[in-house]
A.B. asks: 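Here's a structure for you.
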Amino acid sequence: MRTNLTENNLNNKTLAILKPDCTRKNLIGKVISHFQNAGFKIRGMKMIKLTEDSAKGFYEVHKERPFFNDLIIYMTSGPCVPIVLEKENAVEEFRKLIGATDPAKAEEGTIRKLYADNIQENIVHGSDSNDNALKEIAHFFSRKELLEINGWQ
Ligand code: IDP
Ligand code: MG
């Protein structure tokens, strides 16, 4: 699914994904509570099982990495919950909330420190730049599925 996103959303949106370990461990509600308690507004949300093609497209930037094949197997192993979040400075604020990729290196109190098992099964995705946030949102959501986007309605 592809959406042409305009530049008027640049600084305040990010894409989260509750990954298959999160849904398997029945942590959907707990993890979303962290998002909401940190002041993020939910602007779009769905539960899906990624196809292999969709997972490969989403993580294309990592296709040469040694962990790529395992990453695709993991990301297609169960339901995921992509969520569009809005907050001032969303990308950076959300990366702080989730913590480092490897939970062993994540700060105390971050979502990955609290709930993740290892560097692969790390509960949640967060976009790493505004440009990537827009691309990643468009990977999962059409305009109609997004609520209260400035200038969209
Ligand atoms: P990020 O999710 O913190 O942005 P990335 O480096 O973009 O981390 O990696 C994407 C995902 O690939 C990670 O969240 C994790 O699930 C997996 N991953 C990253 N590095 C490794 C690794 O060294 N071994 C196994 N899996 C990894
Ligand atoms: Mg990343």
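Both counts, for ligands and for their atoms, begin at 1 and track the order of listing. Start at 1 with the first residue, then count along the sequence.
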A.B. asks: For atom 4 (O) of ligand 1, which protein heavy atom lies nearest, and how many Å away is it?
C.D. replies: Arg95 NH1, 2.8 Å

A.B. asks: Aromatic contact between His62 and Phe68, with the criterion being ring centroids under 6.0 Å apart: yes or no?
C.D. replies: no

A.B. asks: Take Glu86 and Lys41, measure what salt bridge (charged side-chain N to carboxylate O under 4.0 Å, His left out) needs, and give me the verdict at the end.
C.D. replies: CA-CA 5 Å; Glu86 181 177 319; Lys41 299 283 180 218; over 6 Å; no

A.B. asks: Would you mind running through ligand 1 and noting each atom that sits below 4.0 Å from a heavy atom of Asn122?
C.D. replies: 13 (C), 14 (O), 15 (C), 16 (O)

A.B. asks: Give the atoms of ligand 1, by number and element, whose distance to some non-hydrogen atom of His62 is under 4.0 Å.
C.D. replies: 5 (P), 6 (O), 7 (O), 9 (O), 10 (C)

A.B. asks: Just going by heavy-atom distances, which of Thr101, Asp70, Asp21 is nearest to atom 8 (O) of ligand 1?
C.D. replies: Thr101

A.B. asks: What residue and heavy atom of the protein are closest to atom 23 (O) of ligand 1, and at what distance?
C.D. replies: Ile119 CD1, 3.7 Å

A.B. asks: Ignoring hydrogens and geometry beyond distance, is a side-chain donor-acceptor pair present between Glu136 and Ser127 at under 3.5 Å?
C.D. replies: yes

A.B. asks: Classify the angle between the aromatic ring planes of Tyr59 and His125 as parallel (below 30°), tilted (30 to 60°) or perpendicular (above 60°).
C.D. replies: perpendicular

A.B. asks: Given His34, which partner from the list Phe40, Tyr115, Phe94 fulfils the ring pair (Phe, Tyr, Trp, His ring centres under 6.0 Å) test?
C.D. replies: Tyr115

A.B. asks: Is any side-chain heavy atom of Met47 closer than 4.5 Å to a side-chain heavy atom of Val81?
C.D. replies: yes

A.B. asks: Which of these, Arg112, Glu121, Arg65, Gln120, has its nearest heavy atom closest to atom 2 (O) of ligand 1?
C.D. replies: Arg112

A.B. asks: By number and element, which atoms of ligand 1 are closer than 4.0 Å to a non-hydrogen atom of Tyr59?
C.D. replies: 10 (C)

A.B. asks: How far is atom 17 (C) of ligand 1 from the closest protein heavy atom, and which atom is that?
C.D. replies: Leu71 CD1, 3.8 Å

A.B. asks: Between the main-chain N or O of Phe140 and the side-chain N or O of Lys46, is there a donor-acceptor pair closer than 3.5 Å?
C.D. replies: yes

A.B. asks: Name the closest protein heavy atom to atom 25 (C) of ligand 1, giving the residue it belongs to and the distance to 0.1 Å.
C.D. replies: Phe67 CB, 3.6 Å

